[in-house]
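For reference, the structure is listed below as structure tokens.
All heavy atoms count here, side chains included; hydrogens, waters and symmetry mates do not. Keep in mind it's a predicted model, so treat the numbers as computed, not measured.
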There are 2 protein chains.
Amino acid sequence: MDRLDRKILSVLQQDARASLQDIGAAVGLSPSPCWARIRKMEEAGVIEGYTVRLNPLALGLADTVLVMVTLDSHSDNTLEKFGEVLASIPEVVEAHLVSGEYDYLLRVVVKDTRDYERLLRERLYKIKGIRHSQSSFVLRTLKKADLPLGV
Amino acid sequence: MDRLDRKILSVLQQDARASLQDIGAAVGLSPSPCWARIRKMEEAGVIEGYTVRLNPLALGLADTVLVMVTLDSHSDNTLEKFGEVLASIPEVVEAHLVSGEYDYLLRVVVKDTRDYERLLRERLYKIKGIRHSQSSFVLRTLKKADLPLGV
DNA sequence: CCTGAAATTCGGGGGGC
DNA sequence: GCCCCCCGAATTTCAGG
């Protein structure tokens, strides 16, 4: 992991479909060593995979909600059960155990507020062990950047 | 945007490097129409681009912090200025204007807690107009899923 | 709108420097 | 460890159904 590797990753973050020639030109190498470096980073687990950046709005997913959750009990059992339920809800795209005033932060993506109300009522409120939850709608996204690689 | 399109997107979300043959096999089409559909979705802005999934830990980025920010004034000027400053801080990878008890939620990625302390002291606390901020460290990520496409 | 084949470009892997 | 070249495979185009 030297400067060139980070530079390659930086290019791939912006466009994972860039050809090895383009990447080589951007970092100052020929395609072959670029390919070798990328492969090594894939094997090392630095690169976990390749994905597509989708526009949620264009897909009819207009609302993103951040849900802060506090649990009643912090037993291993409760935590595990909670994780399993979250895994089964496709609209929950992220779930983090966090420090601070509440226990979890979820990111939920839905079609509209009615959709969210239904999810809340039929899925989240049914989960045993939730002491409190607070929903916060994303009104506008000011920034959505790649990981800081320092290149 | 029919069911086949969503199925193609679902495959691409999991692996954007899948060949058109593989995609075709997964959705029940030959490579050509898959390519045509993908191209159309790129032009329609449904597909915004392709990127790489990186392992932050393997890159020495061990800590993710969620920062909840409340501003003093809600004038257009303050909001715009705040957005500009955030744009200039690489460690701030996401910034959302949100509804609820606070105004903004930032996602900050740093090397370690010392790095975060420095960022807080040298950059965030220097921003005029912040009334209050509260940091919440991500202790564990339970789920990180693709957008729900319903296929 | 899909199939199938043709041309072109690119990924993937050697040997020499 | 990088550059250059080769081969197989992929993308992309375009006929026809």
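- Put simply, CG on A:Leu29 is 15 Å from P on C:dG11, counting in whole angstrom units.
- The 5' end of DNA chain D is approached more closely, in terms of each residue's nearest nucleotide, by A:Lys40 than by the other of B:Arg39 and A:Lys40.
- Side-chain contact annotation: B:Tyr116 with B:Ser135, donor-acceptor N/O pair under 3.5 Å present.
- Side-chain atoms of B:Ser30 lie closest to C:dT3 of the nucleotides C:dT3, D:dT11, D:dT12.
- Atom C1' of nucleotide C:dG11 and atom CD1 of A:Ile38 are separated by 10 Å, given to the nearest angstrom.
- Summarising the geometry, the separation between CD1 on A:Ile8 and C1' on C:dG11 is reported as 15 Å, rounded to the nearest angstrom.
- In the set C:dC2, C:dG13, D:dT13, the nucleotide with an atom closest to the side chain of B:Ser32 is D:dT13.
- With C:dG12, D:dA10, C:dC2 as the choices, the nucleotide that has an atom nearest any side-chain atom of B:Leu4 turns out to be C:dC2.
- For the pair A:Arg37 and D:dC2, the criterion of a side-chain N or O lying under 4.0 Å from OP1 or OP2 is met.
- With sequence neighbours excluded, the residues forming a side-chain contact (heavy atoms from CB on, under 4.5 Å) with B:Ala58 are A:Val46, B:Asn55, listed by chain and number.
- No hydrogens or angles considered: nothing links the side chains of B:Tyr104 and B:Thr70 as a donor-acceptor pair under 3.5 Å.
- In this structure, the CG atom of A:Asp22 is 15 Å from the C1' atom of D:dT11, given to the nearest Å.
- Judged by distance alone, the side chains of B:Glu42 and B:Tyr50 do bring a donor and an acceptor atom under 3.5 Å apart.
- Counting only heavy atoms from C-beta on, A:Leu20 has its side chain closest to C:dG11 among C:dC10, C:dG11, D:dT13.
- Dashed line: the shortest gap from a side-chain N or O of B:Gln21 to OP1 or OP2 of D:dA9 is not under 4.0 Å.
- At whole-Å resolution of the value, OH in B:Tyr50 and P in D:dT11 are 11 Å apart.
- For B:Trp35 and D:dT11, the shortest distance from a side-chain N or O to OP1 or OP2 is not below 4.0 Å.
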